[in-house]
Every structure is written in C-alpha cells, then in structure tokens.
Amino acid sequence: LMQDTMNKMCHKKRDALHLKNVFNQRSVSKNVSETFNYVSDFLKFVTEGYTLLFAMEMLDLPTLDTVPTMTSAEAEEALNYVSTCIVDTVWNDVTVHIPSSNLKEEDTYGFCNCKEDIEGAVMIECENVACTEGVWFHLECVGLTEETVPGEDEVWFCSAECRNSNKRSHSASHTIDRKFEYVKMLLWRGLSDMIRRNAVRQNDGPMITLYWKCDLPQFIKHNHTKYTILGHRLIAKFTGLNCFLPKRLRQDLIWNRTINLSGGRGTNIETDLV
Amino acid sequence: RKADLVMMTDILYHEKLTKEIPGR
C-alpha cells in the first residue's frame, strides 16, 4: 500500500517530490522495499505537515508558532471542529458499489428504451457518455424519422437529464482544483497509513485484522493478487461461519502479529519487517 | 498543541473508517 502511495505521490513533478527535495530527504526513494523506514517517516511527516497546514488555514494562523487567543474550552472545541473538518474533507467512500447492470444476464439487450433488438432499425446515439437509458436508440422509439434526424455536427440527447448532466460534467472538469484533490488524496492515504502504524505499535490484533479487511478493495484495485489472497484467507480464518481454525491458532494469528524489540508500551513493530 | 491535532484527526479518521466496514 505504501508503494502505491509513493507511486501516486511522487509521480512526475508532484508536491511530495518537491517536499522531499526541500527538506533534503535524500534517503527516501520511490522504491519502498529498499528504504522502508525512511519512506514511512517521510509519509508521516508529510501527513502531519498537511494536517497542520489545514488547521492553520482554517483558524487563520499566519505561522505555525502563532498561539490562537482562546480559552481552553474554546481551544478544545476548535480542535474537535478542525479535526472533524479535515477528516470529512479528505474522506473517500470505502464501500464498494457494484452497479446493478453488471448483475443482469448477459444476453439482455442493453440499448434503447424498448430494450428490444429490432433488426434493420436505424439508431441514434445519445451524446451523454454516461447515459443510463441505453446510449443507442431506435429512431422510432424517440419520435424521429430519417428526415428529421440531426446532422453529424449536431449534438443529440435522449432526455433533458442527459443534456443537463453532460453540461455539468463539462463545467466540473474545468473547475476541479487538482492541487487540492492531490493534497486530499495524500492526507487520506497518510492518515490511513498512520492508523495502521498505531495498531501495529500497540499490537492491536483485532484492529490489524479489521484493516486487512478494508484494504482488500485496494489490493484488488491495484492488482495485488498475492495480498488479496493472503488477506482473504486471513479474514476467512477467523470471521463468520467459515471460521475453521481451532481457538489456540486463532488467538495466535490475532495476537502474535508483532515483535517488541526494545520493550515498553507502544513500541511493537511488524514481524515481517523484523 | 500540534501533536493533539494530529492525534485527534487520526482518531476521528479511525472511527469513521471502522464505522463504515460492514460485518464488524
């Protein structure tokens, strides 16, 4: 996951690459397996930095050392407010939506309102690429004839909704603040890495397992077949009705996932890293 | 404190994530 983050973060002339140079992080390389600890620290640094910048922007603080003038109660309220705001802003939907059209039988005719395959009928295409009604329509079904059909230069939409949504998507692509989207992505991935790191430091087995669960869509999306299989097997071993491990082994899998080299609380590290 | 802000954001992020995972 960290490698995916680095691929996205340090792509071309992105901010993270710039930050790496400005803060002289020469040991950080794009290849995570070579410099794991440096990358991990850098990611933490960048995440903390952007979180603080976000707060400075919201509370209108000119420098990082400016102390806002507020009572301790107000400060606590502001802290809650700012944190909630950051999380809500960077939040990505983690649930997977499967479009219902994928579940239909393959041989269903997917075009036109009538959903019937009329042989030899002339069809017209809706200009909205995201048209949900079928994209191609029989002239008869939309009240057109070969004489009244729009010319090649003219645009045609099957409905007012398609016309409006096409307008919206056009204007949206011009108004997207790419820099902001990039920072949001960075923060989302950074925070995501941070909570996993905390779970490992505390050897919080149930949480680590839970994170494996929410990482599955990421593994599938980025074609990490090995981790998809590993994660799936791990989760299947102790959740639901299919749990097939004896209690002792289950306990071992949940709680024996980290190693504490230096002793003390909150200093566990990943077993595979050791 | 700066560390409080980062920690608080982290906690809220964690809470929001665990709320959304089905079958917990």
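The model shown is predicted, which means the values in this text are computed figures rather than measured ones. Note on naming: letters A, B, ... go to the chains in the order of the sequence lines (proteins, then strands), and numbering restarts at 1 for each one.
Environment of CD in A:Glu57: sparse, with no more than 12 heavy atoms of neighbouring residues, nucleotides or ligands closer than 6.0 Å. Atom NZ of A:Lys184 has more than 12 neighbouring heavy atoms from other residues, nucleotides or ligands inside a 6.0 Å radius. Around NE2 of A:His232, the count of heavy atoms belonging to other residues, nucleotides or ligands within 6.0 Å does not exceed 12. Around atom OH of A:Tyr38, no more than 12 heavy atoms belonging to other residues, nucleotides or ligands sit under 6.0 Å away.
Looking at A:Asp65, only its side chain comes within 4.5 Å of chain B, counting heavy atoms on both sides. Neither the backbone nor the side chain of A:Leu187 has a heavy atom closer than 4.5 Å to any heavy atom of chain B. In this structure, chain B has heavy atoms under 4.5 Å from both the backbone and the side chain of A:Ser192.
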Output, in order, the C-alpha distance, side-chain angles, deciding distance and verdict of side chain to side chain contact (heavy atoms under 4.5 Å, CB included) for B:His14 and A:Met207.
CA-CA 10 Å; B:His14 163 83; A:Met207 271 307 142; 3.2 Å; yes
Run the side chain to side chain contact (heavy atoms under 4.5 Å, CB included) test on B:Lys16 and A:Asp88 for me, step by step, so that the C-alpha distance in whole Å, both residues' side-chain angles and the decisive distance to 0.1 Å come before the verdict.
CA-CA 9 Å; B:Lys16 202 168 162 109; A:Asp88 287 343; 3.1 Å; yes
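Here the OG1-CD distance, from B:Thr9 to A:Glu48, works out to 10.0 Å after rounding to the nearest 0.5 Å. Between the CG atom of B:Asp10 and the OG1 atom of A:Thr51 there is a distance of 8.5 Å, given to the nearest 0.5 Å. How far OH of B:Tyr13 is from OG1 of A:Thr47: 10.0 Å, rounded to the nearest 0.5 Å.
Within residues 74-82 of chain A, the residues that have a heavy atom under 4.5 Å from a heavy atom of chain B are A:Leu79, A:Asn80, A:Val82, listed by number.
Annotation for B:Leu5 and A:Leu52: closest pair CD2-CD2, 3.7 Å, computed over non-hydrogen atoms. The two residues A:Thr84 and B:Leu12 come nearest to each other via the heavy atoms N-CD1, 3.5 Å.
Ranked by heavy-atom pairs under 4.5 Å with chain B, the first of A:Cys85, A:Ala199, A:Ser83, A:Gly190 is A:Ser83.
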